[in-house]
Amino acid sequence: MPTCQNCDSFVTERYAKVFTPQGVDEPRVCPRCPDKVRDGAEIRAARSTRTA
C-alpha cells in the first residue's frame with residue numbers, strides 16, 4: 001500500500017497514480033501533510049498553517 005514519503009500517511013493507489021511521476025509508487029506529499037504543499041512539479045513549505 002502506498003504511503004506519503006513526508007508523513008507516512010496511507011494514500012490510495014489512485015491518489016498515488018495521479019500525483020506521482022511515472023515509475024514512482026509513493027507521493028512526496030499528501031493532503032494530510034501539515035507543513036508541505038505541492039506547487040506545480042515542486043514541493044514547498046506551506047506559507048500558513050493548514051487546518052481540516
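- Under a 3.5 Å cut-off, the side chain of Gln5 and the backbone N or O of Glu26 do form a donor-acceptor pair.
- When side chains are defined from C-beta on, Asn6 does not count as touching Cys30, because their heavy atoms never get closer than 4.5 Å.
- The distance from atom OG1 of Thr12 to atom NZ of Lys17, rounded to the nearest 0.5 Å, is 11.5 Å.
- Side-chain N or O atoms of Arg32 include one that pairs as donor or acceptor with a backbone N or O of Phe10 at under 3.5 Å.
- Atom CG in Asp25 sits 14.0 Å away from atom CE in Met1 (nearest 0.5 Å).
- Side-chain contact between Tyr15 and Pro31 is present, with at least one heavy-atom pair separated by less than 4.5 Å.
- The two residues Thr3 and Pro27 make their nearest non-hydrogen contact at O-CD, 3.7 Å.
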